[in-house]
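We count residues from 1, following the sequence as given.
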Amino acid sequence: MHLRKRVLVTGGSGFLGSHLCERLLQEDCEVICVDNFFTSSKQNIEHLLPNPRFEVIRHDITFPLYVEVDEIYNLACPASPIHYQFDPVQTIKTCVHGAINMLGLAKRLRIPIFQASTSEVYGDPEVHPQPESYWGNVNPIGYRSCYDEGKRCAESLFFAYQRQHGLAVKVGRIFNTYGPRMHPNDGRVVSNFIMQAIQGKPITVYGDGSQTRAFCYVDDLIELMIRFMRNDHNFCGPLNMGNPNDFTILELAQKIIKLTGSRSHISFEPLPNDDPSQRKPDIAIAYSKYKWEPQTQLNEGLLQTLNYFNKFI
Ligand code: NAD
Ligand code: UDP
Ligand code: UDP
């Protein structure tokens with residue numbers, strides 16, 4: 001018998017997962033972190049290990065998992081383009097087999113389950129900004145499809161389990177998020193630009209840098225994740241989770257050069273395959289349901305991230 005809420009976080013050692021574990025521990029939950037350390041290191045959760053309410057299991061979610069918990073956050077999945085394209089078959093297995101196993105676990109225990117979906121389900125969107133009602137524009141056989149279609153299949157599975165088995169599912173579509181504990185070499189734009197700037201290396205802008213993105217600071221995202229999970233189990237989503245303040249990638253490069261006082265110059269490199277030209281969440285639902293809107297300004301969030309990355313040089 002246990003009285004405290006026991007929460008399972010898959011991918012708990014990753015960038016977002018480690019912040020979520022930390023937040024849940026602050027709220028007096030017991031946390032079971034499941035991770036196979038494919039794209040993260042234990043360093044992200046090292047500071048949590050002494051906490052007796054924190055437990056780590058090295059496990060790949062493509063295999064069944066039997067534990068007794070009260071809720072599940074399913075975050076396990078390589079998330080940056082270079083990581084998810086490194087072993088596309090494993091990415092699909094994690095998205096699909098992993099989701100089936102975690103849904104099976106939620107079904108056996110009759111507990112709520114959150115799925116970390118992604119703005120990539122919108123592909124290269126023709127509607128801007130993207131509301132949850134937009135069905136997307138995804139290349140089903142392209143280099144990004146292991147992730148995009150994997151996550152779309154996972155969404156389909158979550159809604160199938162909800163309709164067929166009455167599960168309380170929560171599907172959150174996460175847009176670009178940044179902050180401390182991003183992997184310094186994961187190739188994502190914020191980590192790349194900051195590492196390049198502080199090392200005096202060229203800032204690699206892909207294409208002409210006119211593509212746009214909107215970036216959410218990690219603390220804001222975790223706050224919404226928790227509000228979404230805890231309130232109104234009849235609302236399954238999908239829910240856009242992100243910051244609607246968008247700008248071009250070239251503007252981001254210039255901002256980071258200025259913020260770091262770096263002497264790096266900008267080097268224009270080829271645009272990766274199927275790189276979306278624009279992306280920005282419509283967050284009307286998050287606002288109306290949870291009165292949520294991002295609190296952290298870009299400058300402030302970038303400074304926090306910069307402080308973190310300074311440790312690596
Ligand atoms: P991350 O790579 O830092 O974390 C993912 C974690 O999952 C890692 O610790 C990795 O080792 C683990 N993992 C991967 N495959 C696994 C498997 N089969 N079994 C167990 N563990 C496994 O990435 P992140 O940025 O923290 O992303 C977390 C989740 O949020 C992912 O599902 C990702 O798709 C989603 N997401 C993130 C963003 C973002 O901007 N960070 C945007 C959209 C969606
Ligand atoms: N599963 C799991 N942990 C559990 C319950 C189920 O990992 O506590 C896995 C199980 O291996 C199964 C999957 O979840 O393959 C889907 O479970 P479900 O009950 O939906 O399907 P079934 O067992 O009928 O195939
Ligand atoms: N990008 C870039 N230089 C880099 C890394 C990324 O110009 O060193 C661009 C990339 O082409 C994309 C945007 O920045 O247009 C965001 O890339 P990221 O990989 O962070 O995430 P995505 O939104 O593509 O999933």
Do you reckon [X] sits in the same ILVMFWY cluster as [Y], going by side-chain contacts under 4.5 Å, direct or chained?
X	Y	result
F37	M182	yes
F175	I283	no
I249	L271	no
V138	F159	no
M102	I92	yes

Charged N to carboxylate O under 4.0 angstrom, [X] versus [Y]?
X	Y	value
E149	R152	yes
D28	R53	yes
D275	R213	yes
K255	E251	no

- Message: Using 30° and 60° as the class boundaries, would you call the ring planes of Y161 and H165 parallel, tilted or perpendicular?
- Response: tilted
Is [X] reaching over with its side chain to a backbone N or O of [Y], donor-acceptor style, under 3.5 angstrom?
X	Y	value
T212	D246	no
D220	T296	yes
D35	S13	yes
D282	P129	no
N137	D124	yes
E132	N240	yes
Q211	Y206	yes
S191	G187	no
S267	T204	no

Approximate separation, where rounding is to 0.5 Å, of [X] [atom1] and [Y] [atom2]:
X	Y	atom1	atom2	answer
C29	R6	SG	CZ	11.5 Å
D274	N139	CG	CG	4.5 Å
I57	C33	CD1	SG	9.0 Å
M225	T177	CE	OG1	8.0 Å
M195	D186	CE	CG	10.5 Å
L250	D208	CG	CG	8.0 Å

Within the 4.5 Å heavy-atom criterion, are [X] and [Y] side-chain neighbours or not?
X	Y	result
F15	S40	no
K289	N231	no
P112	H233	yes
I256	Q196	no
L302	Y178	yes
Q115	V169	no
Y84	C146	yes
E120	K151	no

- Task: Decide ring-ring contact (aromatic ring centres under 6.0 Å, His included) for F247 and F215; before the verdict, give the C-alpha distance in whole Å, the side-chain angles of both, and the deciding distance to 0.1 Å.
- Result: CA-CA 9 Å; F247 36 81; F215 297 88; 5.8 Å; yes
So which heavy atom on [X] is nearest to which on [Y], and how close?
X	Y	result
P294	G242	CG-O, 4.1 Å
C21	L48	CB-CD1, 3.9 Å
Y147	P78	CE1-O, 3.4 Å
C236	Q162	SG-CG, 3.7 Å
A106	L167	O-CD2, 3.7 Å
F158	A99	CE1-CB, 4.0 Å

Inspect the surroundings of [atom1] in [X] and state if more than 12 heavy atoms from other residues, nucleotides or ligands are less than 6.0 Å away.
X	atom1	value
R108	CZ	yes
E27	CD	yes
Q43	CD	no
Y134	OH	yes
F86	CZ	no

- Among all residues two or more places apart in sequence or in another chain, which pass the side chain to side chain contact (heavy atoms under 4.5 Å, CB included) test with F63? H59, D60
- Message: I need the single residue from Q130, R173, R279 that forms a side chain to side chain donor-acceptor pair (under 3.5 Å) with Y122. Which is it?
- Response: R173
- Message: Evaluate F114 against V9 for side chain to side chain contact (heavy atoms under 4.5 Å, CB included), listing each step before the verdict.
- Response: CA-CA 10 Å; F114 170 85; V9 179; over 6 Å; no
- Query: When the ring centroid of F228 is compared with that of F235, is the distance short of 6.0 Å?
  - Reply: yes
- Message: Could you go through L259 and N299, starting from their C-alpha distance and side-chain angles, then the distance that decides it, and tell me whether this counts as side chain to side chain contact (heavy atoms under 4.5 Å, CB included)?
- Response: CA-CA 8 Å; L259 200 74; N299 261 346; 3.6 Å; yes
- Query: What's the verdict on side chain to side chain contact (heavy atoms under 4.5 Å, CB included) for N101 and L65, showing C-alpha distance, side-chain angles and the deciding distance?
  - Reply: CA-CA 7 Å; N101 286 328; L65 176 70; 6.0 Å; no
- Note on the structure: The single option from V31, V7, I111 that satisfies side-chain contact (heavy atoms from CB on, under 4.5 Å) with V69 is I111
- Message: Assess, by modelled atom type and distance only, whether the side chains of N74 and T10 contain a donor and an acceptor separated by less than 3.5 Å.
- Response: yes
- Query: E71 and K5: salt bridge (charged side-chain N to carboxylate O under 4.0 Å, His left out), yes or no, with the steps?
  - Reply: CA-CA 8 Å; E71 55 185 33; K5 190 181 273 186; 3.5 Å; yes
- Task: Give a yes/no verdict on a cation-pi contact between K291 and Y287, requiring under 6.0 Å between NZ or CZ and the six-membered ring centre and an angle within 45° of the axis.
- Result: yes
- Can K107 and I113 be said to form a side chain to side chain contact (heavy atoms under 4.5 Å, CB included), step by step? CA-CA 9 Å; K107 179 183 141 208; I113 176 166; over 6 Å; no
